[in-house]
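Presented below is the structure to which this report refers.
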There are 2 protein chains.
Amino acid sequence: MASLKDISRQCGVSVATVSKALNNHTDISEGTRERVRKAAKELGYSPNFSARALKTNKTHGIGVLFVDEARSGLTHDYFAGVLDSFKSTVEDKGYDITFINCSKKQPNRMTFLEHVRYHGFDGVVIACIDFGAPEVAELVQSDIPVVTIDHVFNNKIAIMSDNITGMTALTDYCISKGHKKIAYLHGEPSTVTTARLTGFYRATDKKGIVIPDEYVVGTKYRDTVGTYKETLKLLKMKDRPTCILYPDDFAALGGINAIREMGLRIPEDISVAGYDGIKAIIDREPQLTTVLQATDLIGERAAKKLISLIEKPKTTIIEQVVIPGTLKEGRTIADLTK
Amino acid sequence: MASLKDISRQCGVSVATVSKALNNHTDISEGTRERVRKAAKELGYSPNFSARALKTNKTHGIGVLFVDEARSGLTHDYFAGVLDSFKSTVEDKGYDITFINCSKKQPNRMTFLEHVRYHGFDGVVIACIDFGAPEVAELVQSDIPVVTIDHVFNNKIAIMSDNITGMTALTDYCISKGHKKIAYLHGEPSTVTTARLTGFYRATDKKGIVIPDEYVVGTKYRDTVGTYKETLKLLKMKDRPTCILYPDDFAALGGINAIREMGLRIPEDISVAGYDGIKAIIDREPQLTTVLQATDLIGERAAKKLISLIEKPKTTIIEQVVIPGTLKEGRTIADLTK
DNA sequence: CTCGCCTGCGCAACCGTTTGCTCTGATTTT
DNA sequence: AAAATCAGAGCAAACGGTTGCGCAGGCGAG
């Protein structure tokens, strides 16, 4: 690989001059600059990231921590959407993204923080992870600029999908269609789940609707087996609900299959709704009623906030940005008012 | 950040000794090694990736080029699956992955190859992209170790999902259920499409089944609008097919909706099948018959091949690895033989 | 004519690591 | 006892690029 030295030799100027010429410093004459540029092109010069980073202590690199229980969050539609949007936003601004290695199999693996320091990432975005893990806390509490998604840490920027309002809207919608016996299979305990439960009860409380405890059950996110089983239980109750809300669109499929298996129709016999707005699910008839999370906006805001924090740490406001979702009315909630 | 120099000062030994001690060179006494390790821990030493990379000319970094028409391939279930598996495999072996910047919005953006050289990636994996783009060709034909997925370049390693056999199996299955009038809405021209068309005709030819040309139509991948329209056309034909095969599971949804809209039942009135095996689709009743692509295996093989090419360039065989898919029998193909 | 300023470029240090070679003192071999 | 070997540690250059400072020459102004 051609280096600055090669160009300097070719042009008969110093390495410093070459560097300045290529970086558009003002103290280089137009003539020299052109000669240098030409030589660079001829020699196939390629700047060296490592050398530059070593000297400037800036990498223009962002570390990404998207970890699912199973593996990375890549196969998780919601997070894949967020990441996709995040990626394209930071790339537009000249940042590159690298995954923070989360392999457990490595002989002497680094902690997340160690890995970040090693690479010298300018900032980090975290999502879809066990936020309680000590390793995550260590990273978040370091001096590295960090933005978290869907989880709030003290004194750190967080981008939050508005789960409270979203769930309230969804529940309100069900109530407005005349449903009173609404069951809610929610996800495992987490920031997100808590918010949605809050939203759920906020809606029912406001209308004075009392939801029996056995209607509200925790199941795993993105798991059809759990929802299948719990749905069967709900359907076999003496006082069966008229409407079942699921942790997410995918998990809803388990419920839908259970309902069909019992010979019941959706929405005539039983109404259902999901959460997320996964295209592969809501595009299919009967269209699932759900709450569409604005993954594009979430990723974009996360990216912009993080870059701002990196480039203007003083003036960047540390805050929780809440991104609203939108109720997506499908055809799986029956109108009982007619 | 503490550096080797800090440790050397603390321990009263040279920087070289510290480096060797931490890297387990054999010419350092156990005593010194221990003292160094202790000091490193105390000072919170973190190795510097850039310095190391600069010196050794090795980054242990892999560049990833997963570009969709829309944006990255992250929201594409198939590629997300492949990438996820790829990621975890290389991470287990101590490699990190960074996306090759494909933003078009950057003022003076680098070409893919320039970006790869800049970062000094040890290798590159390419998928889900317009393989005809000159920039991609430039990258592939460089001296950088490269593995492509689902596309063959001359003299380069390629990991291929076995689309020929997969499609043959699917078509055979339809034929075995007594279907003769099989329509195939395939994707836009590409390596993958060509392979599947080959597979399709191989199956029909073998059984001496003649497929009218108007039964075979190109539509976009992962697009429900196109398949919706084309399905309506097929259904309105005088001699309507009994079975329609779609470019992929997601695109199949458009067809399914069109069929339902015409008041037809699946599979009683018309049979359908997809391709890919997207969980959010095939887990729903009636389960879509499809071909499950082995994303896990594809990603893993791509990773292992690439790492082998990086670490043992001499002995690594340049070949096309073909990964079979599996027919997933759902409930959307009617049995006409009974 | 002299002074000061501006323009254009080079000097040299430095970023943190790695590694081949050298040096020293001790131990083993003959 | 002299020579050869060896373990353990340091020296110093090198990787490629950046940047504050200094310096020379040309110019206009006083």
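Letters A, B, ... mirror the listed sequences (proteins, then strands); counts begin at 1. Keep in mind that the numbers below use all heavy atoms, side chains included, and drop hydrogens, waters and symmetry copies. Because the structure is a prediction, the values reported are computed rather than measured.
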Between [Y] and [X], does any NZ, NE, NH1 or NH2 come within less than 4.0 Å of an OD or OE carboxylate oxygen?
X: A:Lys38; Y: A:Glu34; result: no
X: A:Arg117; Y: A:Asp143; result: yes
X: B:Glu135; Y: B:Arg109; result: yes

- [ ] Taking only the side-chain heavy atoms of A:Ser29 (C-beta and beyond), determine which of D:dA9, D:dG16, C:dG8 contains the nearest atom.
- [x]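 That would be C:dG8.
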
- [ ] Just compare C:dG16, D:dA9, D:dG17 and give me whichever is closest to any side-chain atom of A:Ser3.
- [x]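 Of the candidates, D:dG17 comes closest.
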
What's [X] touching, base or sugar-phosphate or nothing? Going by heavy atoms closer than 4.0 Å.
X: A:Gly120; result: nothing
X: B:Ser50; result: nothing
X: A:Gly31; result: nothing
X: B:Ser8; result: nothing

All N/O pairs under 3.5 Å across the protein-nucleotides 19-22 of chain C interface:
{"residue": "C:dG20", "atom": "O6", "partner": "B:Lys20", "partner atom": "NZ", "Å": "3.2"}

Between [X] ([atom1]) and [N] ([atom2]), how many Å, whole number?
X: A:Ile28; N: C:dC6; atom1: CD1; atom2: P; value: 18 Å
X: B:His119; N: D:dG16; atom1: NE2; atom2: P; value: 17 Å
X: B:Asn48; N: D:dG16; atom1: CG; atom2: P; value: 16 Å
X: B:Asn57; N: D:dG17; atom1: CG; atom2: P; value: 12 Å
X: A:Asn23; N: D:dG20; atom1: CG; atom2: P; value: 13 Å
X: A:Arg9; N: D:dG17; atom1: CZ; atom2: P; value: 12 Å
X: B:Met1; N: C:dG16; atom1: CE; atom2: C1'; value: 13 Å
X: B:Leu54; N: C:dG16; atom1: CG; atom2: P; value: 12 Å

- [ ] Could you pick out which residue, A:Lys5 or B:Glu30, lies toward the 5' side of DNA chain D when each is mapped onto its nearest nucleotide?
- [x]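 Its nearest nucleotide being more 5', the pick is B:Glu30.
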
- [ ] Would you please say whether a donor-acceptor pair under 3.5 Å links the side chains of A:Tyr78 and A:Asp150?
- [x]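 Side chains of A:Tyr78 and A:Asp150: pair found under 3.5 Å.
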
Open item on the list: Any donor-acceptor pair under 3.5 Å linking the side-chain atoms of B:Ser161 with those of B:Gln293?
Closed with: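 Yes, side-chain donor-acceptor contact under 3.5 Å.
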
Open item on the list: Quick check on C:dG16: is either OP1 or OP2 less than 4.0 Å from any side-chain nitrogen or oxygen of B:Arg52?
Closed with: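 So the side chain of B:Arg52 is outside the cut-off, no N or O lying under 4.0 Å from OP1 or OP2 of C:dG16.
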
- [ ] Respond yes when some side-chain nitrogen or oxygen of B:Tyr118 is under 4.0 Å from OP1 or OP2 of D:dG17, and no when none is.
- [x]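 Indeed not, no polar side-chain atom of B:Tyr118 lies that close.
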
Task: is_close_aromatic(A:Phe99, B:Phe99), centroid dist under 6.0 Å - done: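 Centroid separation for A:Phe99 and B:Phe99: below 6.0 Å.
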
Open item on the list: Parallel, tilted or perpendicular, judged at 30° and 60°: which one describes the rings of B:His76 and B:Phe79?
Closed with: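 Aromatic pair B:His76/B:Phe79 classed perpendicular.
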
